[in-house]
Peer 1: 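I'd like to ask you about the structure that follows.
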Amino acid sequence: MTTMTMAKALNEALRQSLDTDPKVLLMGEDIGKLGGVFRITDGLQKDFGEERVIDTPLAESGIVGTAIGLALRGYRPVVEIQFDGFVFPAYDQIVTQLAKMHARALGKVKMPVVIRIPYAGGIGAVEHHSESPETLFAHIPGLKVVSPSNAQDAYWMLRQSIDCDDPVIFFEPKRRYWDKGEVDTEAIPGPLHKARVTREGTDLTLAAYGPMVKVCLEAAAAAESEGRSLEVVDLRSLSPMDFDTIQASVEKTRRLVVVHEAPVFLGTGAEIAARITERCFYHLEAPVLRVGGFHAPYPPARLEEEYLPGLDRVLDAVDRALAY
Amino acid sequence: MTTMTMAKALNEALRQSLDTDPKVLLMGEDIGKLGGVFRITDGLQKDFGEERVIDTPLAESGIVGTAIGLALRGYRPVVEIQFDGFVFPAYDQIVTQLAKMHARALGKVKMPVVIRIPYAGGIGAVEHHSESPETLFAHIPGLKVVSPSNAQDAYWMLRQSIDCDDPVIFFEPKRRYWDKGEVDTEAIPGPLHKARVTREGTDLTLAAYGPMVKVCLEAAAAAESEGRSLEVVDLRSLSPMDFDTIQASVEKTRRLVVVHEAPVFLGTGAEIAARITERCFYHLEAPVLRVGGFHAPYPPARLEEEYLPGLDRVLDAVDRALAY
Amino acid sequence: MSVKSTAARRTTRGGAKRRGGEPELVQLLTPEGKRVEHSEYSIDLTPEELRGLYRDMVLTRRFDAEAITLQRQGELGLWASLLGQEAAQIGSGRATRPDDYVFPTYREHGVAWTRDVDPLNLLGMFRGVNHGGWDPNENNFHLYTIVIGSQTLHATGYAMGVAKDGADSAVIAYFGDGASSQGDVAEAFTFAAVYNAPVVFFCQNNQWAISEPTAMQSRVPIYQRSAGYGFPGVRVDGNDVLAVLAVTKAALERARTGQGPMLVEAFTYRMGAHTTTDDPTRYRADEEREQWELKDPILRLKTYLEAEGFADEAYYASIEKESDALAKRVRDGVRTMPNPDTMAIFENVYADGHALVDEERAQFAEYLASFADETEEH
Amino acid sequence: MSVKSTAARRTTRGGAKRRGGEPELVQLLTPEGKRVEHSEYSIDLTPEELRGLYRDMVLTRRFDAEAITLQRQGELGLWASLLGQEAAQIGSGRATRPDDYVFPTYREHGVAWTRDVDPLNLLGMFRGVNHGGWDPNENNFHLYTIVIGSQTLHATGYAMGVAKDGADSAVIAYFGDGASSQGDVAEAFTFAAVYNAPVVFFCQNNQWAISEPTAMQSRVPIYQRSAGYGFPGVRVDGNDVLAVLAVTKAALERARTGQGPMLVEAFTYRMGAHTTTDDPTRYRADEEREQWELKDPILRLKTYLEAEGFADEAYYASIEKESDALAKRVRDGVRTMPNPDTMAIFENVYADGHALVDEERAQFAEYLASFADETEEH
Ligand SMILES: Cc1ncc(C[n+]2csc(CCOP(=O)(O)OP(=O)(O)O)c2C)c(N)n1
Ligand SMILES: Cc1ncc(C[n+]2csc(CCOP(=O)(O)OP(=O)(O)O)c2C)c(N)n1
Ligand SMILES: [Mg+2]
Ligand SMILES: [Mg+2]
C-alpha cells in the first residue's frame with residue numbers, strides 16, 4: 001500500500017504492464033520525452049525505449065489505425081489521446097474498424113487495444129479540452145468503456161484493460177489526476193466491469209463514475225448532516241454496465257439520481273434511467289433523475305463551475321427525488 | 001397532390017431548393033452524372049450545372065469541412081453521405097466544427113449545412129451499409145437531427161432543413177425510398193420539429209421514426225384484430241425531440257413502447273424512456289419498453305430480418321407492456 | 001538519411017520519367033504482346049512461370065464471371081468485379097512471399113487467389129452470410145475492408161510490427177484511385193515514412209471511383225503523391241502482369257531490406273461496373289472501355305506465350321477445364337453455403353465476453369423459444 | 001492543364017532548389033540584416049513600409065509578452081506565444097488584402113494584428129470568457145481553431161465559394177508543421193487542387209509540435225508535400241519578413257488570378273514554450289534556441305533599417321512608447337474583461353432555437369432563482 005496520485009497510479013500501471021508483457025506498446029503524441037501533457041507516461045520512454053513508448057505523428061486516425069495493425073501483428077497497443085476533444089479524428093477507425101474487427105473475422109483475430117482518454121472538465125481549459133464523450137463509445141457494440149474514479153481503481157482497471165483481449169476505451173478523469181489515494185499493487189482486483197457501492201445509505205442512490213464520484217460522496221456527506229442517508233455507487237464500467245449492483249441498491253433505497261458531466265440528453269444516465277425503471281418498476285418511489293451537462297457546447301472556463309454538476313445541483317436533484 | 005416515391009420527393013425537394021435559393025449547393029460522392037447511388041440527385045447536375053451540384057473527391061471529412069467553409073462564405077451546402085457507415089470520417093468536422101461554430105462565434109456566423117444520410121437496414125447490403133447512428137448526432141449540442149418516414153414528410157422536412165440556419169443531420173430511411181405516398185408540394189407544412197400522431201389509439205403508444213414507423217403502423221393494425229388499440233407517434237425529429245406530443249399520448253394510453261433499429265443501449269429510446277418516465281411518472285402503468293437493435297454489429301444480410309425489429313418483436317413488447 | 005536520399009534518387013530515376021509530358025509507365029510487355037526491356041525493372045521467368053501467371057489470370061477472371069452470374073441468379077447480394085485488373089492483382093500478388101502480409105480492399109479476388117485463399121471464403125460477405133470471416137493469419141491475407149482507405153493504416157501498423165519483430169517480411173496495402181483522397185491514406189504515408197515501415201502501397205488506378213474519374217481525386221498522376229512524404233513512387237502498366245510482378249517484387253524487396261515504404265500505381269481499368277448494382281452507362285462512354293479492351297491483360301500474355309511457343313492448345317484446354325471445375329466448385333459451394341444461425345448475431349462481438357450481450361442473447365433465445373412453444377401448443 | 005504545368009514548373013524552378021542536399025530558403029534579408037536578391041521573388045518597399053513592418057513585429061512581440069505576463073498573473077488561463085514567429089506572421093499577414101480571408105490556428109496573433117483585429121478579442125478564449133466570439137467577417141479573419149488542421153478545409157471551402165462568386169479575393173490557411181500530418185490537411189490539398197481553389201496554405205514550420213520535432217511528421221521538407229497534389233510549394237525563410245511578404249504576395253496573386261492553390265512553408269522557430277503550460281526543457285536543448293536567436297526576425301530588420309539609415313532613435317522611442325501604450329491597453333482590457341453571464345451557457349447553441357435548450361434554460365434559471373429566494377428568506 002502506497003499513497004499516490006491517480007496520475008502516478010496510471011504511470012505505475014503502464015510501467016508494470018510494459019514490464020510484464022513485451023507485447024505491450026504505448027503510442028501517442030508527446031508521450032516520449034515529455035511524458036505526455038499530463039505526464040502519465042513520465043519516464044517510460046527512458047526506461048523502455050523508443051520502440052515501446054512511441055511518439056507518433058500528429059494524426060489521431062493514424063495512431064488508432066496503426067495500433068489496429070500492430071494488434072493484428074500480436075502487439076497490445078495502449079494509445080494516449082491527448083485530450084477528449086481530439087479523439088474525433090480517430091472516431092472512424094475506432095467505430096468502423098477497431099470495434100468490428102473481431103466480429104468481422106468471426107473471432108479469428110483479437111483487438112487488445114486500449115485507448116486512454118483524459119476527459120471531462122474542471123481544469124479551466126480552453127475549448128475541446130473538457131468534454132465527456134462516453135456515450136459516443138458506450139453506444140458502440142464491440143467496444144468496452146471504463147472510467148476509474150480513484151487512484152486504486154486507476155491502477156488496476158488500467159492493468160486489467162491492457163490484459164483484456166477487447167478494445168477498451170479508458171476514460172481518465174483529468175481533474176482527479178492529482179488526487180491522492182492508497183494504491184495496493186499487490187491486491188487481487190475485483191472484476192473490471194463491476195460497479196462498487198462506495199458509500200452505503202438507505203434513502204436514495206447516487207450513481208456516478210469518473211470525476212463525479214467525488215462530488216457524489218461530498219453530496220452524501222452533506223446530506224448526512226441533514227439526516228439523509230445516501231448510497232453512492234461508483235459505476236466504474238460504462239460498457240458493460242453493472243446494472244445488478246445499481247438495481248440492488250435501488251431496491252433498497254427506492255430512489256436513484258444519476259450524475260455525469262456529459263450532456264443529459266442521451267447521456268449514460270438515460271440508459272440507466274430506462275433500464276433501472278424497467279428492472280425496478282414497482283420499487284421506485286420517484287422517477288430516476290439525472291444531473292448532467294446541458295445541451296450546449298462545453299462552455300468557456302469561466303462558466304464551467306456553473307455548467308458542471310456540483311454539490312448543489314446534486315442535492316437539488318436529491319431533494320426533488322425525495323419530494324415524490 | 002401527386003403520388004411519388006420518397007426518393008422522388010427528396011429529389012423534388014432538392015430541385016425546389018436549388019431553384020428557389022441560388023445559395024443552395026449540393027455536394028457529395030457520385031451525386032452528379034450518376035445522380036447518387038440511390039438516384040436522389042438524379043438529373044440535378046444536368047439542370048443546375050456542376051457549380052451547384054458538385055461531385056467531390058472521395059473524402060468525407062473534406063466534404064463536410066469544405067461545406068463549412070462554403071457556409072462561412074454564405075452558401076447553404078446540402079451534403080450527401082453515401083451510406084450511414086461512411087459518415088464517420090466526417091465525424092470530427094461535424095462534432096468539433098460544424099456543431100460548435102455558431103456558439104464559438106457567439107452567434108456571429110451561421111451554419112446552414114444539411115447532411116443527408118441514407119440510413120438503417122433492410123436492403124440486404126454488405127457491412128457498413130445498414131447502420132443507424134442517430135444517437136451519435138442527437139447527443140451533440142449544436143446539431144439538429146430529423147428523419148422522415150414517408151414521402152410527404154421527406155419533401156417538406158428536407159426543404160425546411162435546407163431553410164434552417166442550423167446544421168441538420170437528415171436521416172433518410174433507405175429502405176423506404178421506393179415507398180410511394182401522396183406529396184403536396186403546395187401545402188403549408190407544420191413545424192419541422194413536431195412529432196405527429198399517425199394513428200390514434202387508447203391502449204398503448206408506439207413511438208418510432210424513419211423506417212420503423214411503417215412497422216409500428218403494421219403492428220397497430222395487427223393488434224387491432226386482437227382488439228387492442230395502439231396509438232402510433234411518428235417522432236420525425238430526434239433533436240429537438242417533441243416530448244410534449246409523446247407525453248400527451250402516454251397520458252392517454254399510459255403505456256409506451258419505443259421502436260428503433262439502432263442498438264437499444266443508449267439508443268434514442270433510452271432518452272425517451274428516461275424523460276417520459278419523469279414526465280408521466282404517475283400515469284405510466286408499465287415501464288417504457290424498448291425494441292431495437294442488439295448490442296452487436298449490424299449483422300450480415302442473411303441475419304438482418306432477425307436482427308431488425310419487426311412486427312413480432314414489436315407485438316411481443318406490446319404484450320409485455322400490457323401485462324403490467 | 002540513407003532512405004531519404006534513396007527516395008529522392010528513386011523518384012527521379014525510377015518510372016517517373018516523362019516523355020513529352022506524360023509519365024512513362026513501366027512496361028515489360030506491350031499491349032501487342034511484345035516483350036520489351038526496362039532500364040530499372042527486369043524479370044526473367046521460365047515458360048512454366050509464365051504459364052502460371054496466365055493460368056492465374058484466366059482462373060481469376062472465370063471466378064469473377066461466375067460470381068457475377070451467381071449475383072444475377074440471386075445467390076449473391078452483390079459482387080465487386082475485378083474484370084480488367086487481373087494483371088495488376090496477379091502480378092502484385094505473385095510478387096509476395098508467404099510470410100508477407102496483404103491488406104486488400106473489397107476487390108482483390110485475384111490477389112486472394114495468389115495467397116491460396118479459398119475463393120469461397122471471399123463470397124460469404126457478398127452472399128450476406130458473414131462480413132468476411134476468414135482467418136487472416138492463415139494466408140497472411142487480411143479481411144476485405146469496405147471503408148475506403150482504412151486498411152492502409154492497418155497495413156502500416158502491421159509493418160511497424162514486422163520491423164519491431166526484426167522480421168524481413170514485407171506488407172502490401174491495396175487501395176484505389178478514389179481512396180487516394182482519403183485522409184487515412186495520407187496519414188498512412190506519413191506513418192510509414194516516419195517509422196520507415198516495410199510497406200508497399202499498391203494503388204490500382206482503375207480510372208474510376210464508382211462514377212468519378214481519377215481527375216476528381218488528383219490533378220497529377222497518383223504515383224507522384226509519395227515523394228512529398230519522403231518515399232518513391234512509380235507508375236506501372238497495370239495490365240502488364242510481368243511489369244507489375246517486377247515492380248512489386250522490387251518494392252517489396254526494398255521494404256524487406258530496410259529501405260522503407262514505396263508507392264506503386266498500377267495504371268489499369270475497371271472493365272465492368274463498379275459493382276453489380278452500378279450502371280456505368282450513366283457516366284462513361286463505351287468507347288473508353290473499347291480502348292482499354294485493346295490492352296487486355298490476359299490477351300496480351302497469351303499473344304506472347306503463343307509467339308514464343310510457350311503454350312500449346314492442350315495447355316489452353318487444360319486451363320479451360322480447370323476453369324470449368326473452379327466455376328462449378330464455386331457455384332456448388334455458394335449454393336450450399338449455409339445460412340448463419342440466428343444466434344450468431346451475438347457471437348464474436350467481444351473476445352472476453354460482455355454482460356449486455358449475454359443478457360440480450362438469453363432474452364432473444366427465450367423470445368424465439370416462445371414461438372416454438374406456441375407452435376407446439378397449437 | 002495549364003495549372004498542372006505551372007505547378008510542375010514552379011516546383012523545380014521555385015524555392016525548391018537544393019544546394020548540397022539542403023533545400024534553399026527564399027531569403028531577401030540575411031540573418032545579418034543584409035539585403036539580398038532572389039531570382040524569383042522580389043520586393044521593393046519604401047522606408048516607411050519597412051518601418052511599418054518593424055513596428056508590426058515589435059508591437060506584436062510586446063503584446064505577446066504582455067499576454068504571457070497576464071497568464072503568469074492568473075489573468076489568463078493559458079497563452080500560446082508566437083515569440084520568434086513575428087516575421088512569418090507579419091510578412092504573410094501584410095501580404096493579404098482586406099477582401100482576402102484568413103483562417104488562423106490559435107497562435108496567429110501577429111496575423112490578427114495585420115488584419116486590425118482588436119488584440120483584446122484574441123484574449124477572450126485564453127482568459128476563459130468565450131471560445132473566440134469575434135465576428136470573422138468584420139476583418140475577414142476567422143476564429144482561432146484548436147483542433148489541429150480542421151481550418152485548412154474551411155479555408156478551402158471558403159475559397160471554393162470565392163471562386164463561385166467570381167471574386168478575385170484569395171484565402172490563406174495557416175497551420176503548423178505538426179498539422180501537416182493530419183488527414184484533414186491532406187484532404188484540403190486534394191480539394192483545393194481538384195477545384196483549383198484560390199487558397200494559399202501557409203505552414204509555419206516552427207520546428208516543434210509541442211515536444212515533437214518536425215522529423216516526427218515528415219522525412220522530407222514540408223514544402224515538397226504539395227507537388228504530389230498538383231500545386232507548387234516553396235520554402236521561405238520564416239524569420240525574414242521581406243521574403244515572407246514577397247512569397248506570400250506572389251502566392252496570393254497566383255490564387256487570385258485563377259492559378260490555384262500554393263503551399264508556403266515558412267521556416268521559423270518557436271522561441272518559447274508551446275504554451276504557458278509547457279516545459280520545453282524536458283525535450284529540447286538550450287543551444288538550439290540560442291542558434292535561432294541569431295536569426296531573430298526583429299533584430300534582423302532593425303540592423304537593416306539602421307544600416308540604411310531608415311530609422312532613427314526618435315523612431316525607436318516612439319515605437320517603444322506605442323508598445324507601452326498597447327501593453328497597458330491590453331492589461332487594463334483583460335483585467336476589466338467582464339465574465340460572461342451564467343445564462344450565456346444556453347445562448348448561441350442554435351441560430352433557429354431548440355426546444356431542449358429552451359427547457360434547460362428555463363429550468364436552470366428557476367434553479368438559480370431558488371437560491372436567491374433562499375437568501376431572501378433567511
Ligand atoms: C469512407 C467511404 N466512403 C464511401 C464509400 C462508398 N464507396 C465504395 S467503393 C467507392 C469508390 C472507390 O473507388 P476506388 O478507391 O477507386 O476503388 P475501386 O472501387 O475503383 O476499386 C465508394 C465511394 C466507402 N466504401 N467508404
Ligand atoms: C486534433 C488535435 N490533436 C491534438 C491536439 C493537441 N495539440 C495542440 S497544439 C499541438 C501541436 C501542434 O503543432 P504544430 O501544428 O506544429 O503547431 P504549433 O503549435 O507548433 O504552432 C497539439 C498536438 C489538438 N489541438 N488537436
Ligand atoms: Mg478506382
Ligand atoms: Mg509547430
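Residue numbers begin at 1 in each chain, while the letters A, B, ... track the order of the sequences.
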Peer 1: Quick one, C:D278 with B:L34, criterion side-chain contact (heavy atoms from CB on, under 4.5 Å). Give me CA distance, side-chain angles, the key distance, then yes/no.
Peer 2: CA-CA 9 Å; C:D278 181 38; B:L34 184 63; 4.1 Å; yes
Peer 1: Take B:E127 and C:M125 through the test side-chain contact (heavy atoms from CB on, under 4.5 Å) and record every step on the way to the result.
Peer 2: CA-CA 8 Å; B:E127 204 185 355; C:M125 63 181 270; over 6 Å; no
Peer 1: Please look at B:E304 and chain C and tell me whether the side chain, the backbone, both or neither of the residue comes under 4.5 angstrom of a heavy atom of that chain.
Peer 2: neither
Peer 1: If every non-hydrogen atom of B:L58 is compared with every non-hydrogen atom of C:A209, which pair is closest and at what distance?
Peer 2: CD1-CB, 4.4 Å
Peer 1: Is any side-chain heavy atom of B:Y298 closer than 4.5 Å to one of C:H131?
Peer 2: no
Peer 1: Can you tell me which portion of B:R39 sits under 4.5 Å from chain C's heavy atoms? Options are side chain, backbone, both or neither.
Peer 2: side chain
Peer 1: Return the minimal non-hydrogen interatomic distance between C:S181 and B:A59, and the atom names on each side.
Peer 2: O-CB, 3.4 Å
Peer 1: Decide yes or no on side-chain contact (heavy atoms from CB on, under 4.5 Å) for C:I345 and B:E306, but give the supporting numbers first.
Peer 2: CA-CA 9 Å; C:I345 291 171; B:E306 278 96 335; 4.2 Å; yes
Peer 1: To the closest 0.5 Å, what do you measure between CG (B:D55) and CE (C:M216)?
Peer 2: 5.0 Å
Peer 1: Counting heavy-atom pairs under 4.5 Å to chain B, which of C:S218, C:G128, C:G178, C:A344 comes out on top?
Peer 2: C:G128
Peer 1: Does any heavy atom of chain B fall under 4.5 Å from the side chain of C:H354, the backbone, both, or neither of them?
Peer 2: side chain
Peer 1: Contact part of C:Y106 toward chain B, heavy-atom cut-off under 4.5 Å: side chain, backbone, both or neither?
Peer 2: neither
Peer 1: Short question: side chain of B:R302, backbone of C:R127 - any donor-acceptor pair under 3.5 Å?
Peer 2: yes
Peer 1: So, taking the atom named CD1 in C:I146 and the one named NE2 in B:H129, what distance separates them when rounded to the nearest 0.5 Å?
Peer 2: 6.0 Å
Peer 1: Would you mind checking which part of B:Q82 comes under 4.5 Å of any heavy atom in chain C, side chain (CB onward), backbone (N, CA, C, O), both or neither?
Peer 2: side chain
Peer 1: Decide, yes or no, whether a salt bridge links C:R282 with B:D30 under the criterion of side-chain N to carboxylate O below 4.0 Å.
Peer 2: no
Peer 1: Which one wins on heavy-atom pair count under 4.5 Å against chain B: C:N130, C:L78, C:V357, C:D184?
Peer 2: C:N130
Peer 1: To the nearest 0.5 Å, how far apart are OG in C:S150 and NE2 in B:H128?
Peer 2: 7.5 Å
Peer 1: Heavy-atom cut-off 4.5 Å, strictly under: side chain, backbone, both or neither for C:R284 against chain B?
Peer 2: neither
Peer 1: Quick check on C:I210 against chain B: is it the side chain, the backbone, both or neither that has a heavy atom closer than 4.5 Å?
Peer 2: both
Peer 1: Under 4.5 Å from any heavy atom of chain B, what part of C:Y367 do you find: side chain, backbone, both or neither?
Peer 2: side chain
Peer 1: Taking side chain as everything from C-beta outward and backbone as N, CA, C, O, which of these in B:E305 sits under 4.5 Å from a heavy atom of chain C? Side chain, backbone, both or neither.
Peer 2: neither
Peer 1: What part of C:Y144 gets within 4.5 angstrom of chain B, counting heavy atoms only: side chain, backbone, both, or neither?
Peer 2: neither
Peer 1: Taking the side chain as everything from C-beta on, heavy atoms only, tell me whether B:D312 gets closer than 4.5 Å to C:F371.
Peer 2: yes
Peer 1: Can you tell me which of C:F126, C:Y350, C:F364 forms the most heavy-atom pairs within a distance under 4.5 Å of chain B?
Peer 2: C:F364
Peer 1: Check this for me: B:E50, atom CD, are more than 12 non-hydrogen atoms of other residues, nucleotides or ligands nearer than 6.0 Å?
Peer 2: no
Peer 1: What's the spacing between C:E212 CD and B:K33 NZ if we round to 0.5 Å?
Peer 2: 11.0 Å
Peer 1: Would you check, one step at a time, whether the test side-chain contact (heavy atoms from CB on, under 4.5 Å) holds for B:F294 with C:Q363?
Peer 2: CA-CA 11 Å; B:F294 301 111; C:Q363 281 169 356; over 6 Å; no
